[in-house]
K.L.:
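Structure incoming, see below.
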Amino acid sequence: MDEVQIRLRVNGLERRGRVEPRLTLADFLREHCHLTGTHLGCEHGVCGACTVLLDGAAVRACLVLAVQAEGREVTTIEGLGTPENLSPVQVAFQENHGLQCGFCTPGFVVSVTALLRDNPDPTDEEIRAGLSGNICRCTGYQGIFKAVRAAAGNTP
Amino acid sequence: MKASRFAYHAPSTLAEALALLAEHGDSAKVLAGGQSLIPMLAMRLAVFDHLVDLGRIPELAGIDHQGDTVRIGAATTHTAVESSVDLARTVPLLARAAPLIGHFQIRNRGTVGGAIAHADPAAEFPAVALALDAQLETVSPRGARTIPAEKFFLGTWSTALADDEILTAVNFPAWRGRTGHAVEELARRHGDFAIAGAVVAVELDGDDRVRRCGIGLLGLGSTPERATAAEQAVTGTAAGEIDPVEVGRAAMSTLQSVPADLHGSADYRRRVGAAMVTRAWQRALREAHDG
Ligand SMILES: Cc1cc2nc3c(=O)[nH]c(=O)nc-3n(C[C@H](O)[C@H](O)[C@H](O)COP(=O)(O)OP(=O)(O)OC[C@H]3O[C@@H](n4cnc5c(N)ncnc54)[C@H](O)[C@@H]3O)c2cc1C
Ligand code: FES
Ligand code: FES
């Protein structure tokens, strides 16, 4: 049950750590890297709050072990934009009432960033399917949907 | 929601992985995409002392099409299946079932081998494997073997795999000719496990008779099920004479253990299941007919 030495890149910076194999990538980011933008809601893959990019692919950070990310590249919400320099998706969420309490927001923004990168001109149905893996208990989703539409540069 | 402690092994070859499984016996478990195993560990529904990660064994991933067989490496992700141009043509049931599995973040990690080895009765790929008579390649310290899908699924989350056996690839037949394929399921929200569903493949001969038909059912038993009675009833029959509602009814007629839970009673599931078979049958038939 020994701890394992790991090394990965997080938001462009090399990070090393000694971790128990059972530590999730989400806990590694939060506890070891102090990147607390990656939120934990359910810790079993249902809510999407913990979504990060792993080698560019959106994944649940609660369903990846930190040891599985050895040698890989991780992008968290902190790597997408800063308060002074918001990403286009963040701006769209701000302008379209895409968030209320903000708990779910990092997961949505990371998911939507990957979604629009792979499909810059989605249909309404593709947007809804793409948002289905993230749960929001505040907004009722309409503002989030509008934000994605706006970020895609396509008003309905 | 934290897993109990375990040791982690990341072999880079299949031989190393087998040696680890041989050494640690039933205290070891194979880890693929982790999209079912990690939640089970987190909820402590499962406890293992050793995890053997297949994620760094390149020989396990990939889609290889030869003749009438498509071989899918166990570590191929759901996303790779969903986006494969070849599979959309050769094994349309897989390509059409893939987008219904969870959400894209889950599909980026989850693997074909994991979904089949996990054997959730409501999962899509096991039902497709059954309906198409897929052949499952495995390897263990005792050697390699091929298990037909019909002998693989023993119960909920239970399969013919031994503790030290690894599923390495799944072989699907590519149906040629006048064929049609459809997947229909009812889930409470997009991406949820289905309450009930059906996958149908059908081939017509030149006179519009059903030459062959495969019907797989999900969410309607303790394993994925195959609607053999319904398949037999339609095979050899002129397509225009088949009542689609009767196909749905026949598909439900032999089910032994339809589950009942918060999402629906057994009776409700049967009615949903029959409707899904009817719809999938109609769509598959139309596709076979119109090309
Ligand atoms: C929110 C959510 C929604 C989901 N919805 C669906 C859905 O609608 N439909 C669906 O089908 N699935 C769904 N899934 C499950 C998903 O498809 C998983 O990817 C899949 O069930 C397991 O694949 P995996 O590669 O992640 O395997 P893992 O989780 O790593 O492993 C699962 C099991 O299979 C064993 N195993 C894995 N690979 C092998 C191998 N090569 N040889 C031997 N044993 C092996 C493991 O030991 C373990 O027991 C969902 C998951 C989540 C978290
Ligand atoms: S915390 Fe990871 S999906 Fe909910
Ligand atoms: S804004 Fe509160 S949960 Fe989404």
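Letters A, B, ... mirror the listed sequences (proteins, then strands); counts begin at 1.
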K.L.:
Measuring only between side-chain heavy atoms, which start at C-beta, is A:Val148 closer than 4.5 Å to A:Val89?
P.N.:
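The answer is no; the side chains never approach within 4.5 Å.
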
K.L.:
Can you list every pair that meets side-chain hydrogen bond (donor to acceptor under 3.5 Å, both in side chains) and has a residue in residues 31-55 of chain A, with sequence neighbours left out?
P.N.:
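For residues 31-55 of chain A, and leaving out neighbouring residues, the side-chain hydrogen bond (donor to acceptor under 3.5 Å, both in side chains) pairs sorted by first residue read A:Glu43-B:Lys2, A:Asp55-A:Arg72.
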
K.L.:
Mind running salt bridge (Lys or Arg N to Asp or Glu O under 4.0 Å) on A:Asp27 and A:Arg30 for me, showing each step along the way?
P.N.:
CA-CA 5 Å; A:Asp27 283 335; A:Arg30 292 178 56 83; 5.3 Å; no

K.L.:
So which residue, A:Ser111, A:Gly133, A:Ser132, ends up with the most heavy-atom pairs under 4.5 Å with chain B?
P.N.:
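Sorted descending by pairs with chain B, the first entry is A:Ser132.
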
K.L.:
Could you check which of A:Leu40, A:Thr24, A:Val64, A:Leu131 has the highest count of heavy-atom pairs closer than 4.5 Å to chain B?
P.N.:
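Among the listed options, the one with the most contacts to chain B is A:Val64.
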
K.L.:
Against chain B, label A:Val4 side chain, backbone, both or neither, depending on which of its atoms sit under 4.5 Å from a heavy atom there.
P.N.:
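Answer is neither: A:Val4 stays 4.5 Å or more from chain B.
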
K.L.:
Could you have a look at B:Ser4, B:Gly33, B:Pro99 and say which one has the most heavy-atom pairs with chain A under 4.5 angstrom?
P.N.:
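Counting heavy-atom pairs under 4.5 Å, the top option is B:Ser4.
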
K.L.:
Side chain, backbone, both or neither: which part of B:Ala10 has a heavy atom under 4.5 Å from chain A?
P.N.:
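It is neither, since no heavy atom gets under 4.5 Å.
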
K.L.:
Charged N to carboxylate O below 4.0 Å: is that the case for B:Arg269 and B:Asp261?
P.N.:
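Answer for the salt bridge query: yes.
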
K.L.:
Which bit of B:Leu41 is near chain A, if near means a heavy-atom gap under 4.5 Å: side chain, backbone, both or neither?
P.N.:
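The answer is neither part of B:Leu41.
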
K.L.:
Is chain A contacted by the side chain of B:Leu37, its backbone, both, or neither, given a heavy-atom distance below 4.5 Å?
P.N.:
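For B:Leu37, there is no contact with chain A at all, as no heavy atom is under 4.5 Å.
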
K.L.:
Going by salt bridge (charged side-chain N to carboxylate O under 4.0 Å, His left out), name the residues that satisfy it together with A:Glu70, two or more places apart in sequence or in a different chain.
P.N.:
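With neighbours one apart ignored, the set is empty.
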
K.L.:
Using heavy-atom distances under 4.5 Å, tell me whether B:Arg56 contacts chain A through its side chain, its backbone, both, or neither.
P.N.:
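Side chain only.
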
K.L.:
Classify the ring geometry of B:His190 against B:His103: parallel below 30°, tilted from 30° to 60°, perpendicular beyond 60°.
P.N.:
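If you compare the ring of B:His190 with that of B:His103, the planes turn out tilted.
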
